Each structure stands twice: as structure tokens, then as C-alpha cells.
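A, B, ... follow the sequence lines: proteins, then strands. Residue 1 opens every chain. Predicted model, so just to flag it, every value in this text is computed and none were measured.
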Protein chains: 2
Amino acid sequence: MLSSTVEDYVKRLFFEQAAAGEGQMVPMGKLAAAMSVTPGTATSMGKTLADLGLAEYEPRMGVRLSPEGEKLALKMLRRHRLIERLLVDILGLDWSEVHEEAEQLEHVISDKVLDRIDALLGHPTSDPHGDPIPTAKGHMAQPAATSLAECAVEMPLRIARVVDQDPLFLQFAHRHGLTPGAIVTVTQRDDIAAAVTLLREAQPELFTLGTHAAAKIMVEPA
Amino acid sequence: MLSSTVEDYVKRLFFEQAAAGEGQMVPMGKLAAAMSVTPGTATSMGKTLADLGLAEYEPRMGVRLSPEGEKLALKMLRRHRLIERLLVDILGLDWSEVHEEAEQLEHVISDKVLDRIDALLGHPTSDPHGDPIPTAKGHMAQPAATSLAECAVEMPLRIARVVDQDPLFLQFAHRHGLTPGAIVTVTQRDDIAAAVTLLREAQPELFTLGTHAAAKIMVEPA
DNA sequence: TGAGATATTTTGACTAATCAAAATGATAGT
DNA sequence: ACTATCATTTTGATTAGTCAAAATATCTCA
């Protein structure tokens with residue numbers, strides 16, 4: 001049985017590794033910062049992960065998930081995202097508050113219960129924020145990679161994911177109809193003003209938001 | 001924030017205290033046995049509970065929950081039992097397997113999520129085994145106290161609760177229609193044979209079970 | 001009242017996860 | 001090639017929860 005601390009490190013490492021790209025080693029400092037822990041703690045945990053066969057650790061180089069570790073990370077992601085869907089679709093919680101809840105629940109839900117949740121929800125492929133849910137076998141669809149800050153203009157697009165867990169941002173996005181599934185068209189992008197103006201299918205008025213916010217809203221061809 | 005270990009001790013203490021009756025102190029040995037822990041561990045935890053204001057601890061006498069502690073215990077019971085209902089009614093798990101699951105989940109479900117579960121289930125008053133669910137305010141109905149091993153004969157009775165968490169026993173009970181809500185009539189009780197014979201509303205044949213098993217099935221007037 | 005049995009408490013040790021701070025290694029820039 | 005800087009690792013300490021085993025208190029019964 002793995003501790004939930006170990007599970008958290010593995011999950012975080014997965015994200016850091018994805019950000020670093022292509023099986024790069026993640027430096028201990030990065031991992032420490034991501035886990036809000038001192039560097040020494042990250043080092044000792046790096047060794048622990050290696051002992052558990054979940055990662056490779058090279059002194060002064062960093063850590064990298066092993067195939068085992070990646071499998072675990074994907075399993076955690078599946079749990080997390082299915083739980084978020086349950087909380088929103090069945091229990092009616094707001095999408096802005098489910099991340100924190102799921103963060104706790106993902107460590108104690110059994111495989112059996114998870115399967116039931118999956119079935120009850122009709123085997124969903126994405127969570128409330130649009131993030132893809134890995135399959136039970138550990139396969140995850142490639143998520144949309146273009147944001148409103150860089151997409152083509154004058155072309156109808158579907159919002160695929162909103163990549164920010166901050167409740168305030170999520171509430172803002174919801175208030176303005178910028179949730180997964182919504183269709184929008186960027187009418188103008190002004191690099192000097194660092195702003196993006198767009199037309200939302202449901203509303204007649206134009207809406208402008210800064211590129212920093214726009215970069216968090218991922219789209220795909222409608 | 002209280003650790004889940006503390007929550008577990010408080011819950012267990014609540015049961016031990018109920019078994020001892022009337023605000024009696026629970027000896028450390030009892031608590032240790034109930035928690036499957038050495039006596040020394042129970043002693044040190046007793047002091048910890050006292051420090052947290054959850055119990056009174058008197059050396060060589062035992063521990064007893066404080067009003068605070070009782071409130072917490074009832075809260076844990078509410079969580080546990082509502083979660084069991086969710087697992088059975090919404091997720092379709094078997095009543096024999098939900099106890100273990102709930103044992104984990106009860107420590108990480110937030111109050112908000114619990115309220116949603118309560119509402120979704122329509123504010124149920126008992127869990128799948130028939131145990132009463134305390135209200136949010138901490139009030140719990142008095143559970144049925146007469147078992148098939150001691151009830152009146154030749155009188156139709158409703159099964160109110162089945163007091164055993166062992167999956168094997170629960171599966172047995174279910175297989176023979178001895179679940180909360182079922183109507184049965186004891187036709188005969190044989191003290192020498194240590195057996196109880198009963199007629200189940202749904203089935204024509206008589207059914208006999210030993211008093212040890214019968215004592216786990218609590219009934220109330222139909 | 002004293003001896004033995006039994007329950008409880010104490011003590012010392014262990015593990016996982018953490019921090020602070022000291023030690024060490026690597027890097028880059030003159 | 002030397003040194004200043006920065007990242008990493010080590011070391012020693014802490015906390016919660018646990019055990020084993022030794023010490024102590026209480027109870028019972030003769």
C-alpha cells in the first residue's frame with residue numbers, strides 16, 4: 001500500500017515532467033517547489049520513490065517516473081477526474097470547488113467504487129474542466145493544445161478545457177459563459193493591449209479578456 | 001484539524017461507552033482491544049484525546065468522551081452512514097461491502113459534500129443495515145433494541161437493523177430475505193436447541209437459525 | 001495482610017514525513 | 001584556473017502513531 005504522500009509526489013512529478021517535456025529529468029528544486037516542500041525533503045522523497053520502483057533518481061540530476069510510476073500517475077488522474085465529474089454531475093457541486101475535494105478523495109476511493117462511478121456517469125471522457133480522463137488501462141487522450149491567446153481569428157471554436165484550478169478564475173469563466181463546450185469566435189487580438197476580443201455564441205455582446213486569462217482557455221475547431 | 005486516527009478512536013470510544021452504558025468510563029484495555037492496538041498505545045492516545053478536549057482521562061480508571069467528543073462521534077457516525085447509503089443507493093454496491101469503504105471515506109468527505117449527499121438521498125434516517133443516521137445537529141434516534149433471539153413469538157415483526165458488519169453474515173442475511181424492512185414472525189424458539197424458527201412474509205417455508213445469528217437481527221412491531 | 005494475578009502506565013525504540021541549517025558539488029564568468 | 005553563486009544533499013531534530021518490554025498499581029482471595 002502506498003501512502004497518499006507518495007501518490008501526491010508521483011502525480012506532481014507527472015505534471016512537472018510533462019511540462020519539461022520528453023522524459024526529461026525533473027530537478028529536485030522544481031519538485032520541491034511544486035510540492036511546497038524544502039529541497040531536502042524532495043531529495044529524500046526522490047530516493048524513496050526510486051526504492052519503490054516508481055521513479056529513477058540520479059543524484060544532482062533529478063527524478064523521472066518509471067513506467068510503473070507513470071501508470072500510477074495516470075491512475076491517480078483517472079480517479080481525480082472521475083471524482084470531479086461525480087461531484088459536479090451527480091452531487092451538484094460547483095466546478096470551481098471540486099478540485100480540492102477530489103484531491104482528498106482520490107486517495108481513498110477503491111477500484112470497485114471507481115468503476116461504479118465510471119459506469120454511473122456513462123464512462124465520461126473528460127472532467128468538468130475539460131481535462132481528459134485516462135482509461136482504466138492507462139491511456140489518456142491528447143488534450144487540446146491551442147489557447148484563446150494564440151488561436152486563429154474569425155473562426156468558430158469550441159472551448160475544450162480551462163486550465164486553472166483557482167476557484168475565482170473558474171467562477172469568472174463560468175459567469176461569462178467560457179466553459180467547456182461553449183462556441184466562441186475570436187474577432188480581434190491586440191498584442192499591444194495584450195487583449196483578446198471574442199464573440200460568444202450565446203451572447204450578442206463582444207467580450208474582451210487579457211491574454212493571461214485567454215491563455216488558460218484551450219480551444220479546438222468547432 | 002483532527003487526524004483520522006483521532007476520529008477513529010473517538011468513534012470506537014463512543015461504541016464502547018454505549019456498550020458499557022450510562023457514561024461509564026471505558027477501561028484502557030477495552031479501548032486497546034477495540035482498536036487492535038497495544039495497551040500502551042491506548043493509554044497515550046487517551047491522554048491525547050484529553051488534551052484535545054474530546055475526552056476525560058483518569059489514570060487507572062479509563063476514558064470517557066466529553067460533550068465535544070460525543071458531538072464528534074455522532075458527526076462521524078452521520079458521515080459513515082450517509083456514505084453507506086450513497087454507495088448502496090446511488091452507486092449500487094452491495095450492502096455487505098460498503099462498511100469498509102465508508103470507513104475510509106468518512107475521514108475525507110467535507111461537510112458541503114455530505115450535505116449534498118444527504119439531499120440527493122432525500123434525507124434518509126437509516127443506513128443500509130438499518131442503523132439510524134444522526135441529524136446534522138447531532139441527534140440520533142434510539143435504534144430498535146429487541147432481537148429475534150428474544151422477541152415475542154407468533155407476532156408479525158419488521159426487521160429494523162442487522163448488527164454485524166461481516167460481509168459473510170450480511171450476504172447470508174440477504175440471501176434469506178432477512179434485511180431491514182422485511183416482515184417476519186417467530187413461530188417457535190427452542191432454548192435447548194438454541195434455535196429460532198420463523199416465517200418470512202415473502203416465502204412460504206419456515207426458516208430456522210441459531211440464536212447467535214438471531215441475536216444480530218433486531219426487530220420492532222410491524 | 002500478603003502474594004499472586006491482572007490491568008495500566010512508562011520507557012525506549014521505530015517509521016514516515018517534514019524542516020533548518022550545514023556541507024558539498026556544479027557552473028559560469030572573468 | 002579560480003572563485004562566487006546556486007542547487008543539491010546531508011545531518012540532526014521534530015511530530016504522530018505505533019510496539020515491546022519493564023515498571024507500577026490495583027484487586028482478589030486465602
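Out of C:dT8, D:dC19, D:dT9, the shortest distance to the side chain of A:Pro59 is found at D:dT9. Relative to the side chain of B:Ser3, the nucleotides C:dA17, D:dG17, D:dA20 differ in distance, and D:dG17 lies closest. Side-chain proximity of B:Thr41 to the nucleotides C:dA17, C:dT8, D:dC19 is greatest for D:dC19. When the nucleotides C:dT9, D:dT18, D:dT8 are ranked by their closest atom to the side chain of B:Arg60, C:dT9 comes out on top. Nearest nucleotide to the A:Thr38 side chain, out of D:dT18, C:dT8, C:dC19: C:dC19.
Contact check, A:Tyr9 against C:dA16: no side-chain N or O comes under 4.0 Å of OP1 or OP2.
Rounded to whole angstrom, the span from the CE atom of B:Met61 across to the P atom of C:dT9 amounts to 10 Å. Between the OH atom of B:Tyr57 and the C1' atom of C:dT10 there is a distance of 10 Å, rounded to whole Å. Following rounding to the nearest Å, B:Met28 (CE) and D:dA25 (P) show an atom-to-atom distance of 17 Å. Note: CE (A:Met45) to C1' (D:dT10) measures 18 Å, nearest angstrom. What separates CG of B:Leu52 from C1' of D:dG17 is a distance of 13 Å, to the nearest Å. Between the C1' atom of D:dT8 and the CD atom of A:Glu58 lies a distance of 14 Å, rounded to the nearest Å. The distance from atom CG of A:Leu49 to atom C1' of C:dA16 is 13 Å, rounded to the nearest whole Å. The distance from atom CG of B:Asp51 to atom C1' of D:dT15 is 14 Å, rounded to the nearest whole Å.
With A:Asp191 contributing its side chain and A:Ala194 its backbone, the two residues share no donor-acceptor pair below 3.5 Å. The main-chain N or O of A:Val88 is never found under 3.5 Å from a side-chain atom of A:Trp95 such that the two would form a donor-acceptor pair.
A:Lys47 comes within 4.0 angstrom of sugar-phosphate atoms only, judged by non-hydrogen atoms across all strands, and of no base. Residue B:Ser44 is classed as a base contact, given a heavy-atom separation below 4.0 Å to a base. Nucleic acid contact class of B:Thr5 (heavy atoms, under 4.0 Å, all strands): sugar-phosphate only. Within 4.0 Å of B:Gly29, counting heavy atoms only, lie sugar-phosphate atoms of the nucleic acid but no base atom.
A salt bridge does not link B:Lys30 with B:Glu16: every distance from a Lys NZ or Arg NE/NH1/NH2 to an Asp or Glu carboxylate oxygen is 4.0 Å or more.
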Worked check of side-chain hydrogen bond (donor to acceptor under 3.5 Å, both in side chains) between A:Gln104 and B:His107: CA-CA 9 Å; A:Gln104 302 298 313; B:His107 302 296; over 6 Å; no

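Closest-nucleotide positions on DNA chain C for A:Ser4 and B:Gly62 were compared, and the one nearer the 5' end corresponds to B:Gly62. Between A:Val6 and A:Gly40, the residue whose closest nucleotide on DNA chain C is further toward the 5' end is A:Val6.
Side-chain atoms of A:Asp131 and A:His80 include no donor-acceptor pair closer than 3.5 Å.
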